[in-house]
Amino acid sequence: MKISNPMNVFTVRKKVLLASKLMGVILVVSYVFSTKLPFGTDVSLMVWLLFVAVLICVIDLWMARFISKPVSELNEAASHMADLDFSQPCKVAGNDEFGELSHSLNVMAGSLQKAFEELEDVNARLEQDVEQKKRLLAERKELVDNLSHEMKTPLGVIRAYAEGLQDETEESKRQNYYKIIIGETERMSSLITALLDLSALENGAAGLSPERFDFVEFLETTAGRLLMDVPESDFDLQYELPEVPVYVHTDRSRMEQVLNNLIVNAKRNVRPGGVLKLSLKERDGMLDFSVYNQGQPIPQESLSKIWRKFYREKHTKYSGSGLGLAIVAQILSMQHLEYGAINHPEGVEFYFSIPAVKPVF
């Protein structure tokens, strides 16, 4: 709102000029009128002076109403804005300079408020970017540290046997050295693949692709491949499965990773001649899976730690490479599924629960 009309009688300057001129006219007229009163000169002068005092009070009230009060409100609003408080806009209204100034202050406050909000959004995004970069750097450093630590042993073995090949003339020993070197190479390859897969899951680079399938048949196929076709296995395999199909809606390949890691972990740690039992039970719309192996229990204080990457427990074999159980935990956590491990008097049970879905006919 811009005052551009020079004839506008509502400007503050013209209001003051009009008021002063009007006051001058009133004073002259009132003085002339007082001299015509049927009183003595002194009384007439006193009446006029009383009228002048009333007039001054009226003018003072008028000035306070139209000048002092708007100036005070403008000053208060400007003080709030100077403190970056834009929640209290100036309420002075009118067609004079005060109204124009009030409008300009409010427009400026709105612009500044919008600019500050945009600046806060930019700062928040910058902070997120900085935090993300810090996290990525930390993860990269952790990845490099873990890889360098895990590669030391197989690389040392490969180097030792490679040097042995140079001086070994017996063919049978040379073939054995070759097997060891190949085995360590495959171990490194598997470790790197598992670590990259886990990093992709943690960073969100790899997601889940749910599909509907029969979990009972899925478990039988997976367990059969891992357990039943191993003639040299020295354990008593037991299982308890539903006799009818039970369907789930989840990522088939990722759940195969979960079963692989849990079953292989149990097979690795079952004692000679001990029981390895697979169980799958329905409960209130849920499927409870568990794999139990007789063997050395996990120290109670380590039950929550075995799911961490590269966790090493000196007095148990359950840590393995430290990635299998970490991958299990990550996949199940991404689906908000309950999982864990329980010590029993003669062994350990690993478990998880997954919702069952109704079959489609």
Side-chain angles (χ1 to χ4, degrees), residues 131 134-154 187-206 208 222 226 235 250-251 254-271 274-279 286 288-354:
E131 289 299 322
K134 288 181 179 179
R135 180 174 58 83
L136 290 175
L137 287 174
E139 291 176 352
R140 188 175 302 170
K141 182 179 182 300
E142 180 187 11
L143 179 62
V144 172
D145 292 344
N146 288 332
L147 279 175
S148 62
H149 175 75
E150 294 298 322
M151 294 300 143
K152 285 181 181 179
T153 300
R187 176 186 169 191
M188 285 194 300
S189 176
S190 298
L191 182 65
I192 292 172
T193 301
L195 185 56
L196 293 176
D197 188 31
L198 179 58
S199 297
L201 288 170
E202 291 176 335
N203 297 330
L208 301 176
T222 305
L226 296 172
F235 56 81
T250 184
D251 190 306
R254 291 299 180 181
M255 292 307 294
E256 186 173 1
Q257 280 184 280
V258 170
L259 293 180
N260 281 346
N261 288 330
L262 291 180
I263 294 174
V264 169
N265 180 76
K267 185 174 70 171
R268 183 191 305 126
N269 293 283
V270 63
R271 73 186 183 193
V275 174
L276 193 156
K277 181 178 180 180
L278 298 175
S279 175
M286 300 292 292
D288 296 331
F289 167 83
S290 68
V291 54
Y292 166 80
N293 66 272
Q294 281 186 316
Q296 183 180 359
I298 302 174
Q300 196 64 30
E301 65 275 9
S302 301
L303 280 176
S304 61
K305 301 177 183 178
I306 59 176
W307 308 98
R308 300 176 186 175
K309 287 186 295 186
F310 295 109
Y311 177 72
R312 291 290 187 273
E313 176 58 47
K314 296 180 180 179
H315 305 295
T316 182
K317 299 183 293 180
Y318 280 96
S319 56
S321 69
L323 291 178
L325 293 181
I327 291 175
V328 169
Q330 182 64 32
I331 293 173
L332 296 178
S333 297
M334 290 173 66
Q335 302 176 80
H336 308 289
L337 302 181
E338 180 184 358
Y339 66 92
I342 303 174
N343 275 323
H344 292 281
E346 295 185 358
V348 181
E349 176 187 5
F350 286 81
Y351 68 89
F352 68 84
S353 298
I354 184 170

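- When every heavy atom of A266 is checked against every heavy atom of V291, the shortest pair comes out as CB-CG2, 3.5 Å.
- For S353, the side chain to side chain donor-acceptor pair (under 3.5 Å) test picks out D288, with sequence neighbours left out.
- Counting heavy atoms from C-beta outward, F350 and I306 have side chains that approach closer than 4.5 Å.
- Taking both residues in full, the closest heavy atoms of G340 and W307 are given as C-CZ2, 3.6 Å, listed atom of the first, atom of the second, then distance.
- Interatomic distance, CZ of R268 versus CG of L276, reported as 12.0 Å (0.5 Å rounding).
- Residues passing the side chain to side chain contact (heavy atoms under 4.5 Å, CB included) test with N261, sequence neighbours excluded: I327, V328.
- To the nearest 0.5 Å, atoms OG1 (T222) and CD1 (I263) are separated by 6.5 Å.
- Within the 4.5 Å cutoff, the side chain of F289 has no heavy atoms near those of the V258 side chain.
- Contact record, R254 with I331: O-CD1, 3.6 Å, taken as the closest heavy-atom pair.
- Taking F235 as the reference, nothing meets the ring pair (Phe, Tyr, Trp, His ring centres under 6.0 Å) condition, with sequence neighbours excluded.
- One distance of note links CG of L332 with OH of Y351; it measures 11.0 Å at 0.5 Å rounding.
- To the nearest 0.5 angstrom, R271 atom CZ is 10.0 Å from N293 atom CG.
- With sequence neighbours excluded, the residues forming a side chain to side chain contact (heavy atoms under 4.5 Å, CB included) with S279 are E240, K281, S290, listed by chain and number.
- Judged as a side chain to side chain contact (heavy atoms under 4.5 Å, CB included), and not counting sequence neighbours, the contacts of N343 are P297, I298, Q300, L303, V348.
- For T250, the side chain to side chain contact (heavy atoms under 4.5 Å, CB included) partners at least two apart in sequence or on another chain are F213, V248, M255, Q335, I354.
- Here the straight-line distance linking atom CD of E349 with atom NZ of K277 works out to 9.0 Å at 0.5 Å rounding.
- Interatomic distance, CG of L278 versus OH of Y292, reported as 13.0 Å (0.5 Å rounding).
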